[in-house]
Amino acid sequence: MNIAFLLALVPALAWGSVGLVNTKMGGTAGQQTLGMTFGALIFGVGTMVLYVIPNHAYIGPEIWTVGIASGLVWAIGTAGQFLAIKDLGVSLAIPLSTAGQIVTNALMAAIVLGDWKTGKMWLVGIISIIAVVIGATLISARDKALNSGISDPVKAKSMTKGLLYLVISTAGFMIYFVLPNFLNKINYISDGIKNKNNGVDYMTAIVGPQAIGQVVGAFLIVIFVLKEADKMFGKPTWKNILTGLVWAIGNIFMFISAANPAVGQTIATTFSQLGIIVATFGGIYLLGEKKSNYQMKLITVGTILVVIGAIIIGSINKFV
């Protein structure tokens, strides 16, 4: 495995830690979302000042458009995920979110971006997706023996709300992931801009405008959707700046990997979802989310399936 593929694994570690960090930092879903965007903005400004401007990367109107647009839909995805964590817990919400993102992102990259060029690649890709989804399902399996005394109707309502939030979250993240390369596919972003310096200039230039879109999107969601205007500048918001910095590290490595022809959109996004392992075991051992022996067996098998599926899809270009 070369250095490009190792770098493509950084988002898994960073993003897998986001649910753990934001839970430790505390706060409402709105405070967590807004605080996280503040952290992303700090990282975005730093990237612009320390890399983009000194290296004279292109930052014309197209860059601002794709950056702000992807930031806005990211805010939707993040708020939905944090709301789901409140109802489902980290070790259940993140695996289900991961499964949804792997399916939608891989298929969008394959269908819309054309990353899967042959029937053999489609066969291998679909098999790997199935393995990952089954693995995520096993990881998120619940055990009736661990009922906490909450009535079944309340649990069912909480589960339904959590799943609805995950559907909204998955849609936001799907658009966020595919948008930079899709706009190149339809020639809004030229190949010259996208491919300069092996794609690094394009993807790092996006980070600053994207952070602005994230902050704007977070404010709109917190004020008009979550109705938390009176809480949005509380202490937990500022603590969750750390969550944003952790996320931002994974974000820039994911985009750089997606732009790198040696990795590509499908592999980069699928590798990034290996954060499911960090989130699941972190939720259990660091946050104390209880699991039975039966669940731990399923989690172990599920983790193996996720890793196998990711490795297969990571090698999909060999099945041309």
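- Here side-chain hydrogen bond (donor to acceptor under 3.5 Å, both in side chains) pairs that include residues 214-234, with residues two or more places apart or in two chains, are T28-E228.
- Residues N55 and T204 fail the side-chain proximity criterion, which asks for heavy atoms closer than 4.5 Å.
- Counting heavy atoms from C-beta on, the side chains of V10 and I249 come closer than 4.5 Å.
- Ring planes of F219 and F38: tilted class, angle from 30 to 60°.
- Using a distance-only test at 3.5 Å, with no hydrogens or angles considered, a donor-acceptor pair links the side chain of T104 to the main chain of G100.
- Residue V215 is not grouped with residue L226 when hydrophobic side chains (ILVMFWY) are merged at heavy-atom distances under 4.5 angstrom, including chains of intermediate members.
- F173 and V18 fall within a single hydrophobic cluster, where Ile, Leu, Val, Met, Phe, Trp and Tyr side chains are chained together by heavy-atom contacts under 4.5 Å.
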For residues 299-312, run the donor-acceptor check on the side chains, cut-off 3.5 Å, and write out each pair with its distance to 0.1 Å, sequence neighbours left out.
residue : atom : partner : partner atom : Å
T300    : OG1  : M296    : O            : 2.9
T303    : OG1  : I299    : O            : 2.7

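- Between T37 and L41 the shortest side-chain heavy-atom distance does not fall below 4.5 Å.
- The backbone N or O of I189 lies less than 3.5 Å from a partner atom in the side chain of N184, making a donor-acceptor pair.
- By the 4.5 Å heavy-atom criterion applied to side chains, N181 and M203 are counted as neighbours.
- For Y58 (side chain) and I63 (main-chain N/O), no donor-acceptor pair under 3.5 Å exists by modelled atom type.
- Remark: D201 pairs with Y51, N197 by the side chain to side chain donor-acceptor pair (under 3.5 Å) rule, at least two apart or across chains.
- Y176 and I221 fall into different hydrophobic clusters, where Ile, Leu, Val, Met, Phe, Trp and Tyr residues are linked whenever their side-chain heavy atoms come under 4.5 Å apart, directly or through other members.
- For the pair T237 (side chain) and M232 (backbone), a donor-acceptor distance under 3.5 Å is present.
- Without hydrogens or angle criteria, Q31 side chain to P236 main chain gives no donor-acceptor distance under 3.5 Å.
- Contacts of I127 classified as side-chain contact (heavy atoms from CB on, under 4.5 Å), with partners at least two apart in sequence or in another chain: L123.
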Please list every donor-acceptor pair under 3.5 Å in which a side-chain atom of residues 69-82 meets a protein atom from a residue at least two apart or in another chain.
residue : atom : partner : partner atom : Å
S70     : OG   : V66     : O            : 3.0
S70     : OG   : G67     : O            : 3.0
S70     : OG   : Q210    : NE2          : 3.0
W74     : NE1  : T78     : OG1          : 3.4
T78     : OG1  : W74     : O            : 3.1
Q81     : NE2  : S97     : OG           : 2.9

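- For the side-chain contact (heavy atoms from CB on, under 4.5 Å) test, residues two or more places apart in sequence or in another chain that qualify with A262 are N260.
- Note on V167: it does not cluster hydrophobically with I276, by side-chain heavy-atom contacts below 4.5 Å among ILVMFWY residues.
- At distances below 3.5 Å, not a single donor-acceptor pair connects side-chain atoms of W116 with backbone N or O atoms of I111.
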